[in-house]
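Have a look at the structure below before the remarks.
Predicted model only: the values in this text are computed from it and were never measured.
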Amino acid sequence: MVTNLLRDFPVNAQEGNEETFESLLMKPDMRIERIISTGQASPPGFWYSQPQSEWVAVLQGSAALKFENEKEVRVLNSGDFINIPALCRHRVEWTSADEPTIWLAIHYAEETSKTAGEV
């Protein structure tokens, strides 16, 4: 079966009701997911601090990430990616309300080397 990351959204994403998270592939120390945002942001005062590292790319749309140890937000547009080390406190400041923001996220257990765009 062939699937397209830029189409076939779940109903809640189509209607813009909520951000959706879809697991595409799960292995013991890795998970790949598609995230579809339609104007959502992290709740005020909420910070992600995940036990696994996360490599994330914006395939469509735009978003801003805020890292606890940085003053400025990092704006990501289509094609931009970043690597977020495990336990790095971060939040989503905004996602585009004009079009869906489609993220491809890879969560992995062991950080073996730094990659371009790493925090």
Side-chain angles (χ1 to χ4, degrees):
M1 178 175 166
V2 174
T3 333
N4 188 301
L5 292 169
L6 305 178
R7 295 192 311 259
D8 304 322
F9 298 163
V11 172
N12 283 336
Q14 289 176 25
E15 297 175 353
N17 294 336
E18 62 186 45
E19 191 169 48
T20 61
F21 300 81
E22 297 176 287
S23 289
L24 304 176
L25 178 67
M26 294 180 67
K27 297 289 180 183
D29 45 354
M30 181 191 69
R31 177 172 42 98
I32 300 174
E33 69 181 352
R34 174 175 75 167
I35 305 166
I36 304 168
S37 307
T38 51
Q40 289 84 12
S42 298
F46 175 83
W47 293 92
Y48 289 100
S49 181
Q50 301 160 165
Q52 292 187 314
S53 295
E54 179 182 12
W55 180 92
V56 63
V58 172
L59 304 178
Q60 174 185 298
S62 58
L65 296 178
K66 172 82 172 111
F67 292 88
E68 185 178 49
N69 62 346
E70 297 178 2
K71 290 184 182 192
E72 300 295 320
V73 299
R74 294 191 190 196
V75 176
L76 284 77
N77 294 297
S78 293
D80 293 338
F81 65 90
I82 191 166
N83 191 62
I84 305 169
L87 304 177
C88 178
R89 288 174 52 95
H90 64 285
R91 52 181 283 109
V92 177
E93 288 292 299
W94 55 263
T95 59
S96 176
D98 299 333
E99 66 177 327
T101 298
I102 302 171
W103 312 74
L104 182 64
I106 301 172
H107 302 267
Y108 60 98
E110 193 172 318
E111 186 173 337
T112 56
S113 65
K114 290 189 177 191
T115 61
E118 184 165 282
V119 173

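The closest donor-acceptor contact from the side chain of Arg91 to the backbone of Phe46 lies under 3.5 Å. Not one N or O on the side chain of Ser23 forms a donor-acceptor pair closer than 3.5 Å with the backbone of Leu25. At least one donor-acceptor pair under 3.5 Å links the side chain of Gln60 to the backbone N or O of Pro100. Judged purely by atom type and a 3.5 angstrom limit, Ser42 uses its side chain to pair as donor or acceptor with the backbone of Val92. At distances below 3.5 Å, not a single donor-acceptor pair connects side-chain atoms of Ser49 with backbone N or O atoms of Arg89.
Closest approach of Ala86 and Ser53 over heavy atoms only: N-OG, 3.1 Å. Annotation for Phe67 and Leu65: closest pair CE1-CB, 4.0 Å, computed over non-hydrogen atoms. Leu87 approaches Pro51 most closely through the heavy-atom pair CD2-CA, 4.1 Å. Of all the heavy atoms in Ser78 and Leu59, the pair that sits closest is OG-O, 3.7 Å. Pairing each heavy atom of Thr38 with each of Glu18, the nearest pair is OG1-O, 4.4 Å.
At least one side-chain heavy atom of Phe9 sits under 4.5 Å from a side-chain heavy atom of Ile102. Residues Val58 and Asn77 form no side-chain contact, since every pair of their non-hydrogen atoms from C-beta on lies 4.5 Å or further apart.
Between His90 and Glu68, the side chains place no donor N or O within less than 3.5 Å of an acceptor N or O (distance only, hydrogens not considered). In this structure, a donor-acceptor pair under 3.5 Å is present between the side chains of Glu19 and Ser37. No hydrogens or angles considered: nothing links the side chains of Glu22 and Thr20 as a donor-acceptor pair under 3.5 Å.
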ring-ring contact (aromatic ring centres under 6.0 Å, His included) between Tyr108 and Trp55, worked out: CA-CA 8 Å; Tyr108 60 98; Trp55 180 92; 9.3 Å; no

I would like to know whether Val75 and Trp94 meet side chain to side chain contact (heavy atoms under 4.5 Å, CB included); could you show each step before the answer? CA-CA 9 Å; Val75 176; Trp94 55 263; 4.1 Å; yes

Between Gln50 and His107, does the side chain to side chain contact (heavy atoms under 4.5 Å, CB included) criterion hold? Intermediate values first, please. CA-CA 9 Å; Gln50 301 160 165; His107 302 267; 4.1 Å; yes

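No single ILVMFWY cluster, assembled from side-chain heavy atoms under 4.5 Å apart, contains both Trp47 and Ile84. In the hydrophobic clustering of ILVMFWY residues, with side-chain heavy atoms under 4.5 Å counting as a link, Phe21 and Leu76 come out together.
Glu72 has no carboxylate O lying under 4.0 Å from a charged side-chain N of Arg74, or vice versa, which leaves the two without a salt bridge.
The side-chain contact (heavy atoms from CB on, under 4.5 Å) test with Trp103 is passed by exactly one of Leu5, Ile35, Ile36: Ile35.
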